There are 2 protein chains.
Amino acid sequence: MVTIVDVAKRANVSTMTVSRVINHAASVSDATRARVLLAMRELNYVPNSIARSLVSGRTHTIGLIIADLTNSFFTTLARGAEDAAHKHLHRLVICNHDDDIDKERTYIEALISARVDGLIITPAGNDSVENLKIIQQHGIPFIFVDRIVHSIKADHVVGDSMSGAYELTSHLLRQGHSHIGIVSGPLNIHTASERLKGYQAALAEFGAEVRQELVLYMPYGPGADTAVPELDQQIRGLLSQNPAPTAIFALNNVIAVQVLRSLRRLGLAVPDDVALACFEEVDPYELMHLDISTAIQPAYAFGEESVNILFRRIDDPDKPFESVVLKPRLQLWPSHRKG
Amino acid sequence: MVTIVDVAKRANVSTMTVSRVINHAASVSDATRARVLLAMRELNYVPNSIARSLVSGRTHTIGLIIADLTNSFFTTLARGAEDAAHKHLHRLVICNHDDDIDKERTYIEALISARVDGLIITPAGNDSVENLKIIQQHGIPFIFVDRIVHSIKADHVVGDSMSGAYELTSHLLRQGHSHIGIVSGPLNIHTASERLKGYQAALAEFGAEVRQELVLYMPYGPGADTAVPELDQQIRGLLSQNPAPTAIFALNNVIAVQVLRSLRRLGLAVPDDVALACFEEVDPYELMHLDISTAIQPAYAFGEESVNILFRRIDDPDKPFESVVLKPRLQLWPSHRKG
DNA sequence: GCAACATATGTTATCGCTAACAATTGTGAT
DNA sequence: ATCACAATTGTTAGCGATAACATATGTTGC
């Protein structure tokens, strides 16, 4: 591999002069600069940023730890982050923890070892605290995206899960659905507990009963992409409660797809047999004519904003924390069948 | 930041001994090892892999350059690559070139500078040759995924675009559609030209006329996600040819979504008014009851296989090139309306 | 012509770690 | 007790770049 020494020799200058040319430093004569540039071109020299990082302590790399890249919400978020990082001349290292604390820890340590300039993280759950403390101990600037962990204070970009869920549930109630089933995720995940709260708040507000037997739980993401065998049974159980729910609220897009498939297997149509609402991260359904009321989050902005805030944090480590709450856009469909 | 020197001091040994403990090298007494491990734990020491890379020349990082992370095909591919890289204890740096040669070049240089151990690339187009030569000049092991560039020989994992397109077109022809429109992508992209060839081959085989006026072109990916204003007009133009096509073949998933939206705006139903076939990279439509015949590619395997082959290449730079062609899975729907 | 300073270039040390070799200690065979 | 050799630990140099300081030119003004 060609190094700065090779270029220096060929251009008949010291390595320092080459370094100056690379870094556009002043005080290099035009003649010398030209000679060095020529040598660089002739040798196909590309500076070794590893070596540069060792000296400067900066890697121009940002770590992005998310739940699952195949979830379209995170995909779009990642793309937003990538574009923003690119503007700052930084590279993005993307890691998926699949809501698994141990996997999250492995990645955090790898990224610390790689000396990323900063870290954007969707914590795997409330138990991520220990993992997050490791980041803090190493003084690496980081920001929460999508999910927070209450005991750790940091910048964050999140959606308004609570009010989004409240609105979706209210909508169903207004449509005459007085009994609404909900398929929740693990409650140790911030967005899941918030959305459940929003659902309950809406029920309370409308004087509807909060019935524990109308709440199902399933994984939030990983593995959920494959069929969930028991789900059909659970959904059937849910719908045979007395009084039976006439609508179902799915806590996120992955869950919604599972529920939709399950309903289909059970021969039930949406929304004619059962109305469906979903806290959905993007909107592929729009295209499909499916009448599913959704709270659509600006996923791209989640990623973009996170990166921008992270860079502000890097520039000024002591500034007060920023808290950005992005409202979901509601897309409400009338249900065809009333309670 | 804690370094190996701090640990060495605390454990009262030389840095070399600490290094030996970190790297599980033999010939460290149990007592010393214990002392070092304790010091490491007490100081929260995490080895600096930047420094390690500078010495070893390996970064444990793989570059993945794709067209667009928000395209579900590439998302799933990336996830497959990430999982495989993780198994090899490597990190993945993901870059999107949006089918733009200059952007591709920028990323390639950045990744060379970062001294990635290898590179997986979906070339932006046939003009990527110069960019790819840069990779070769630097002796960085790389592999093509999804698309190849003929003038550059390298390992590759691609789909069978030609036969997939042939099959889809044949299916439409068998359904009685004797005039089939096609919305193609830029022909300097390998998969686009291959799929067009497959379409033409099928027409020829069935004795159907290849009509140039039934071929539309649009971008393959970037920007295509937003509305294409002229598309409605073009589609309308396409459908008003004489004789009019009764089916449309969309060359990839992004194009299919555009066409679908456009047809919807024009008030045309699929497949009742116009049948649709699509070289689709994954299968969200399956869920949606839409009768679109698709050639579904095993995107996850694309990524996974690429990584595995890349590591074999790294281990043995002189072995013969591997060529993996993954067949798409055909999902063929009967059309409701016959030519 | 020469001090005084700007401009251009070079030298040395260092970032954190490890390869290669060196030194020390301990062990068993004779 | 002594030598040969293995096991353990240390020393030095260097990966490729740059910061900080040093030196060599050129330029200006009087």
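Within every chain, numbering begins at 1; the chains are lettered A, B, ... in the order of the sequence lines, protein sequences first and strands thereafter. What you see is a predicted model; the values in this text were computed from it and never measured.
- Between A/R79 and A/D83, at least one side-chain nitrogen of the basic residue sits less than 4.0 Å from a carboxylate oxygen of the acidic one, meeting the salt-bridge criterion.
- Proximity note for A/S27 (side chain, C-beta onward) versus C/dT9, D/dA17, C/dT18: the nearest is C/dT9.
- Minimum atom distance to the side chain of B/R52 is reached by C/dC17, of the listed C/dA8, D/dT18, C/dC17.
- Comparing D/dT9, D/dG16, D/dT18 by their nearest atom to the side chain of B/V28 picks out D/dT9.
- Closest to the side chain of B/N23, from the set C/dC17, D/dA17, C/dT18, is C/dT18.
- Residue A/S49 is out of contact with every strand shown, counting any heavy-atom pair closer than 4.0 Å.
- A/S53 comes within 4.0 angstrom of nothing in the nucleic acid, heavy atoms only.
- A donor-acceptor pair shorter than 3.5 Å can be found between the side chains of A/Y220 and A/T191.
- Counting distance only, with no hydrogens placed and no angle test, the side-chain atoms of A/R20 and the base atoms of C/dG10 include a donor-acceptor pair under 3.5 Å.
- Among D/dG10, D/dA17, D/dT9, the nucleotide with an atom closest to any side-chain atom of B/S14 is D/dG10.
- The separation between A/M1 atom CE and D/dG14 atom P is 21 Å, rounded to whole Å.
- Which of D/dT18, D/dT9, C/dC17 sits closest to the side chain of B/S29 comes down to D/dT9.
- When distances run from any side-chain atom of B/M16 to the nucleotides C/dA19, C/dC17, C/dG16, the shortest one goes to C/dA19.
- Ranking C/dC17, D/dT18, C/dG10 by closeness to the A/T17 side chain, first place goes to C/dG10.
- Comparing B/V13 and A/I22 by the nucleotide of DNA chain D whose heavy atom lies nearest to each, the residue mapping closer to the 5' end is B/V13.
- Heavy atoms of other residues, nucleotides or ligands lying less than 6.0 angstrom from NZ of A/K9 number 12 at most.
- Using the six-membered ring where Trp is involved, B/H190 and B/H150 have ring planes that are perpendicular, over 60° apart on the 30 and 60° scheme.
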